[in-house]
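Reviewing the structure listed below.
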There are 2 protein chains.
Amino acid sequence: MTTRKDTAERNDRALLQAARDVLAEDGAHASVAAIAHRAGVGIGSLYRRYKTKEELFQRLSLMSLEHWNQAAEQGLADPDPWAGLAGFVRGCVEFGQGSLAPVAGIIEVTEQMRARSRRGDELLEELVRRAQGAGVLRVDVTAVDIALLIEQLGRSPVVDQLRKQGREDLLPAATRARRRLIAIALDGLRPGHAPLPEAAPGEELCSGRWSRE
Amino acid sequence: MTTRKDTAERNDRALLQAARDVLAEDGAHASVAAIAHRAGVGIGSLYRRYKTKEELFQRLSLMSLEHWNQAAEQGLADPDPWAGLAGFVRGCVEFGQGSLAPVAGIIEVTEQMRARSRRGDELLEELVRRAQGAGVLRVDVTAVDIALLIEQLGRSPVVDQLRKQGREDLLPAATRARRRLIAIALDGLRPGHAPLPEAAPGEELCSGRWSRE
DNA sequence: ACGATGCCGGAGCGAATCGCTCCGCAAGTG
DNA sequence: CACTTGCGGAGCGATTCGCTCCGGCATCGT
């Protein structure tokens with residue numbers, strides 16, 4: 001019955017999802033017109049909900065940071081240290097954290113984002129420490145390595161390319177193939193391998209996700 | 001003494017390298033002005049060498065396909081099957097094959113490209129078969145998996161982001177971190193791991209690199 | 001030494017696209 | 001029925017696009 005507020009909420013969700021997709025395909029040049037069109041709404045509707053393009057992207061960033069932290073906490077709640085870490089990685093990759101990297105260069109990073117980012121770093125470090133303590137994660141990988149892995153695999157040029165070309169039919173296969181890739185990378189994180197090249201001590205990349213400056 | 005032709009050749013190299021870099025950062029929206037500026041030459045010089053933007057990108061694509069094939073042949077020449085495959089992967093990733101994915105959606109794909117792409121697929125399959133036959137590569141990974149891995153790791157959002165922000169100082173650390181990631185993924189390709197999720201038989205992605213249609 | 005030559009960089013072209021505003025229209029309400 | 005309300009998209013000025021074309025300067029011939 002309350003069809004009005006109903007569609008409004010659905011539109012909001014559709015907009016955020018569309019923004020993620022377009023950002024994945026077009027990077028920093030993603031246009032509001034493209035986002036609105038993909039969400040199936042008019043440009044006017046987009047601007048009624050978000051005053052500017054930046055506001056939309058800021059909201060999206062906050063959401064992704066929130067997802068990261070929730071996924072990490074969920075991973076820590078898992079009694080199995082390895083399953084917790086692996087689930088976290090899988091969750092973040094499938095969420096598409098990597099696709100949102102370019103927005104950090106467009107929007108103004110608020111203190112709130114930086115705070116959540118710091119909290120996310122802490123949670124990830126705790127996940128890593130716990131897994132290494134249990135002997136289910138090779139000891140020569142760092143939290144930064146994991147963050148970078150998520151960033152790297154969380155963006156899928158092939159899938160994006162296919163979607164842009166409208167080859168929706170090939171999409172499931174590509175997604176499945178990507179999932180296999182994640183499994184391979186996770187296997188590489190298990191103990192028993194030769195040590196990694198120079199761990200670059202001191203030279204922290206501070207995960208670089210939202211640091212900007 | 002022949003300073004004229006000398007600078008011409010250097011400019012050509014600089015242009016192709018710059019095109020790769022800008023393409024990595026800006027994706028399909030890479031502009032000729034940005035490419036020329038990064039190469040340190042004027043726009044006029046770019047257009048004297050390449051009639052159109054498409055011609056430049058076509059040349060770049062051919063070059064990257066050529067590099068892929070040469071790296072694969074070099075890998076096959078290595079007597080150690082694993083070292084050959086790993087070296088191929090490392091070479092392709094560092095070359096930045098993944099960054100060139102978006103150009104396939106801009107340029108017109110010539111028959112020559114398709115032919116070289118097919119040859120590249122064959123060479124990679126041979127590399128995979130040989131490594132699996134020698135028992136140094138897990139048997140449940142396919143050539144498509146490797147191609148996807150190169151595509152995925154061959155593009156570095158973090159590094160590109162840093163470069164765009166002018167943080168050249170952090171670049172070496174980021175590059176080193178990426179190399180660690182490659183090592184992790186390669187370790188995941190070694191035998192002795194649990195089987196990968198559904199191998200998606202039949203549903204070939206045909207590596208998707210330059211297929212377009 | 002000094003004009004002639006030819007390559008170089010970049011100002012500037014029309015076209016396309018950008019973020020954003022504003023208004024006409026259709027659906028919901030009383 | 002009049003009235004309200006949220007919708008889509010035409011269109012605004014500004015910006016950026018691919019590309020052309022010309023003035024200036026380093027190089028070369030004599």
Side-chain angles (χ1 to χ4, degrees), chain A residues 1-61 100 102-108 164, chain B residues 1-61 100 102-108 164:
Chain A
M1 275 304 135
T2 62
T3 46
R4 281 317 248 287
K5 229 179 174 183
D6 200 26
T7 45
E9 255 183 51
R10 196 176 47 227
N11 276 357
D12 202 23
R13 266 180 213 292
L15 273 174
L16 287 168
Q17 179 60 47
R20 275 224 318 255
D21 291 345
V22 174
L23 241 106
E25 291 172 22
D26 295 342
H29 297 77
S31 71
V32 287
I35 294 173
H37 180 262
R38 177 179 292 261
V41 306
I43 308 176
S45 304
L46 189 154
Y47 273 97
R48 201 165 311 104
R49 222 152 294 283
Y50 301 96
K51 266 178 288 193
T52 68
K53 175 185 179 180
E54 176 158 9
E55 189 177 309
L56 168 63
F57 281 172
Q58 282 181 332
R59 172 114 169 73
L60 193 66
S61 302
L100 300 176
V103 305
I106 311 176
I107 65 175
E108 189 186 358
K164 191 180 291 191
Chain B
M1 273 304 134
T2 62
T3 45
R4 279 319 244 289
K5 227 179 175 187
D6 199 24
T7 47
E9 253 183 54
R10 195 176 48 227
N11 276 357
D12 202 22
R13 266 181 212 291
L15 274 174
L16 288 168
Q17 179 60 47
R20 275 223 320 254
D21 291 345
V22 174
L23 227 76
E25 291 174 21
D26 295 342
H29 296 76
S31 70
V32 288
I35 294 173
H37 180 262
R38 177 178 293 261
V41 306
I43 308 176
S45 304
L46 190 154
Y47 273 97
R48 201 165 310 103
R49 219 153 297 283
Y50 301 96
K51 265 178 289 192
T52 68
K53 176 186 179 181
E54 175 157 11
E55 189 176 310
L56 168 63
F57 281 172
Q58 282 181 332
R59 173 111 169 73
L60 194 65
S61 302
L100 300 175
V103 305
I106 312 176
I107 65 176
E108 189 186 357
K164 191 179 290 190

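Just so it is clear: chains get the letters A, B, ... in the order the sequence lines come, proteins before strands, and each one is counted from 1.
Checking the phosphate oxygens (OP1, OP2) of C:dC7, no side-chain nitrogen or oxygen of B:R48 falls inside 4.0 Å.
Between A:Q17 and A:R13, the closest side-chain pair of non-hydrogen atoms is not below 4.5 Å. Looking only at side-chain heavy atoms (C-beta outward), B:I35 and B:L56 come within less than 4.5 Å of each other. Residues B:R59 and B:D12 have side chains in contact (heavy-atom distance under 4.5 Å, counting atoms from C-beta outward).
With rounding to whole Å, B:I106 atom CD1 is found 13 Å from D:dG18 atom C1'. Counting to the nearest Å, the P atom of D:dC17 and the CZ atom of B:F57 are 12 Å from each other.
In terms of the salt bridge (Lys or Arg N to Asp or Glu O under 4.0 Å) criterion, residue partners of B:R38 (sequence neighbours excluded) are, by chain and number, B:E25.
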Protein and nucleotides 18-20 of chain C: nitrogen or oxygen contacts under 3.5 angstrom:
residue: C:dG19; atom: OP1; partner: A:A30; partner atom: O; Å: 3.4
residue: C:dG19; atom: OP1; partner: A:K53; partner atom: NZ; Å: 2.5
residue: C:dG19; atom: OP2; partner: A:V32; partner atom: N; Å: 3.2
residue: C:dC20; atom: OP2; partner: A:Y47; partner atom: OH; Å: 2.9
residue: C:dC20; atom: OP2; partner: A:K53; partner atom: N; Å: 2.8

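The backbone N or O of A:I107 sits nowhere less than 3.5 Å from a side-chain atom of A:Q58 that would complete a donor-acceptor pair. Put simply, the side chain of B:S61 gets close to the backbone of B:F57: a donor and an acceptor are under 3.5 Å apart.
Fit an axis to the five pairs at each end of the helix from C:dA1-D:dT30 to C:dG24-D:dC7 and the two axes sit 10° apart, to the nearest 10 degrees.
Closest heavy-atom contact between A:P102 and A:G27: CG-CA, 4.1 Å.
Within a 6.0 Å radius of NE2 in A:H29, other residues, nucleotides and ligands contribute more than 12 heavy atoms.
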